[in-house]
Amino acid sequence: MAQRRSFGRRLRGEVPGWVQEGLISQAQGEAILGRYVPERGPSRQGIQIVAIAGSILLALGLILIIANNWDAIHPWAKLGGLFAILAGANHAGWRFRFGEPSLPRVGEAFLLMGGILFLAGIGLVSQIYHLNARPASGVLLWWIGIAALPWLARSGALQALSTVAFIAWVGMEAAATDSWVYLGTGLWPYAAAATLLGGVLFLAGERERVWPLIWSGRAVSGLGLAVFAGGTYVLGFMRHRDLFFLGNPGRRILLFLLLGAFLLLLAASLLGLGKHPGAWGLLLCLAANVAVALTMGAGASSVAQGLPFAVFFWALQIAFALSLASAGVREERPGWVNFGAFLFAVLVITRYFDLFVNMLDTGKLFVLGGALLLGVGYLTERKRRQLVAGLAVGRA
Amino acid sequence: MRPSRLFAGVVAAQILFLAGWAASHEWTLRTGPTALLETEPVDPRDILRGDFVILAYPIQRVPLDRFTLALTAPPDPGTRIYVELHQEGNVHSLARASLAPISPEPGNLVIRGRAAARWQTAGSKLVWVDYGIERYFVPEGKGNPRGKIVAKVTVGRDGQPYLKGLLVDGRPYP
């Protein structure tokens with residue numbers, strides 16, 4: 001993002017000079033500025049964050065008003081009111097995004113509110129009629145209902161919401177005892193499924209043009225990275241590692257399905273790496289993490305509970321964080337650099353507390369932990385800034 | 001078709017779906033046969049978790065020998081189960097169960113549910129059935145109902161039960 005601002009500022013400074021020197025016409029200058037400078041500046045980002053926060057607060061507030069006056073409002077009035085707000089939010093969102101007055105960020109926030117209100121509608125009908133048989137089906141319904149909207153409204157925020165709905169549905173389905181993809185009561189299969197699901201979303205998002213219903217690949221791949229990191233983070237813990245393998249085993253169909261999708265997407269991504277040599281390390285590291293996560297539970301729980309296996313996994317996780325930052329530099333993706341640096345710092349600090357919590361008394365643990373936190377935070381932030389600044393210079 | 005029309009169509013479909021869904025339940029509640037089901041205390045500390053009452057019913061425990069084709073082991077969790085209820089006094093109780101749809105005796109009702117994983121251990125002689133009527137949503141802060149709770153349930157044409165209301169010591173709650 002920093003490089004975009006820098007590029008925009010440079011263009012604003014340079015273009016008038018080019019026009020004055022007769023290199024380009026006034027109209028061409030305006031066209032160039034119109035093409036590049038209106039990209040998200042800090043104020044536009046601020047507007048979007050405030051507008052999205054406002055839309056979420058408004059939606060939550062309306063839900064709470066209904067909840068607090070449950071008795072006083074007739075069920076049909078509750079539903080009618082919700083339908084009116086749902087239609088109004090979507091109408092306002094479309095008008096602001098594509099019509100006049102043109103306020104695309106505010107429009108996107110209203111569209112996001114519309115997407116959340118559809119879930120609220122499902123919840124409202126369920127509460128009025130006391131339906132609670134299958135919450136996972138309600139979330140699936142939500143995802144289906146909003147899946148096409150990001151593409152129609154060309155909205156990254158709606159794409160993120162739709163992806164969150166999909167992730168929530170897969171998670172709830174995996175935890176439902178009556179589901180055909182039920183993963184059991186142990187922790188390991190869920191964490192392994194998260195690494196696979198995250199990998200699938202990341203790879204699918206990076207190949208956005210393949211999928212007609214993925215409008216913003218960045219939203220999908222970014223959330224995929226977060227889910228992947230969450231799964232590997234959980235599996236890296238040394239303490240209470242035995243809990244991962246306790247409980248009743250479930251079916252493993254979801255793991256096989258996700259593994260198949262992951263391998264297909266990985267193969268496609270590796271084959272298409274001609275233009276993206278910097279992504280090689282990242283993809284191979286991603287695959288190695290997934291392979292180790294799956295191996296941990298595949299009938300080798302006693303091996304997986306041992307320290308050498310855990311150390312190997314930690315090394316892979318840190319290698320992934322570094323390769324993500326490195327690929328971010330090569331592919332000019334500041335988001336990857338930032339996330340890689342964040343992941344690295346979190347992994348180092350977690351391992352410290354994970355390993356030493358029983359070896360040191362509380363005072364020493366906290367003093368050393370605080371020092372480590374400050375040191376890693378300082379070094380990571382410094383390196384991250386250098387990398388992102390390098391990107392800005394490289395592009396400008 | 002223009003994207004704006006497609007977008008409007010999707011939003012209209014969302015609203016129509018929600019309205020139709022609510023209407024179908026409203027229709028069932030108004031026209032379907034009604035049964036009163038006894039409930040059991042789940043755990044006094046947990047009976048109202050958040051803003052809903054947790055309900056457990058004696059008809060949730062179905063002995064294996066009450067199935068029309070007697071089972072030797074509980075079915076897998078999630079298996080569809082049909083349960084015939086007959087009236088005893090003013091409440092309905094378990095008559096028989098089946099893994100396939102059954103026609104009720106005159107005056108009886110058939111409701112459907114799914115086998116749950118709860119309380120199922122090796123050698124268990126019971127099937128725990130969830131009917132989707134185990135939570136009754138109440139207004140915020142309406143407290144913990146005390147007394148004998150009876151659930152008023154309407155049965156849809158497909159056997160799906162719907163909670164119509166609760167009676168606490170014979171009076172509507174809340």
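- With a 4.5 Å cut-off on non-hydrogen atoms, A/Ser126 touches chain B through its backbone and its side chain both.
- Looking at A/Leu141, only its side chain comes within 4.5 Å of chain B, counting heavy atoms on both sides.
- Considering only residues two or more places apart in sequence or on other chains, B/Arg96 meets the salt bridge (Lys or Arg N to Asp or Glu O under 4.0 Å) condition with B/Glu84.
- Residue A/Trp76 touches chain B through its side chain alone, counting heavy-atom pairs closer than 4.5 Å.
- Under a cut-off of 6.0 angstrom, the local environment of CZ in A/Arg95 is sparse, with at most 12 non-hydrogen atoms contributed by other residues, nucleotides or ligands.
- Residues of residues 9-33 of chain B lying under 4.5 angstrom from chain A, judged on non-hydrogen atoms, are B/Val10, B/Val11, B/Gln14, B/Ile15, B/Phe17, B/Leu18, B/Ala19, B/Trp21, B/Ala22, B/His25, B/Glu26, B/Leu29, B/Arg30 by number.
- Within the 4.5 Å cutoff, no side-chain heavy atoms of A/Phe98 are placed close to those of B/Ser4.
- Taking a 6.0 Å sphere around NE2 of B/His86, one finds it holds more than 12 heavy atoms contributed by other residues, nucleotides or ligands.
- Residue B/Phe7 holds its CZ atom at 5.5 Å from CG of A/Leu149, rounded to the nearest 0.5 Å.
- For chain B, no part of A/Leu117 is nearby; none of its heavy atoms comes within less than 4.5 Å.
- For the side-chain contact (heavy atoms from CB on, under 4.5 Å) with A/His130, the qualifying choice from B/Leu163, B/Leu166, B/Val153, B/Leu55 is B/Leu163, the only one to do so.
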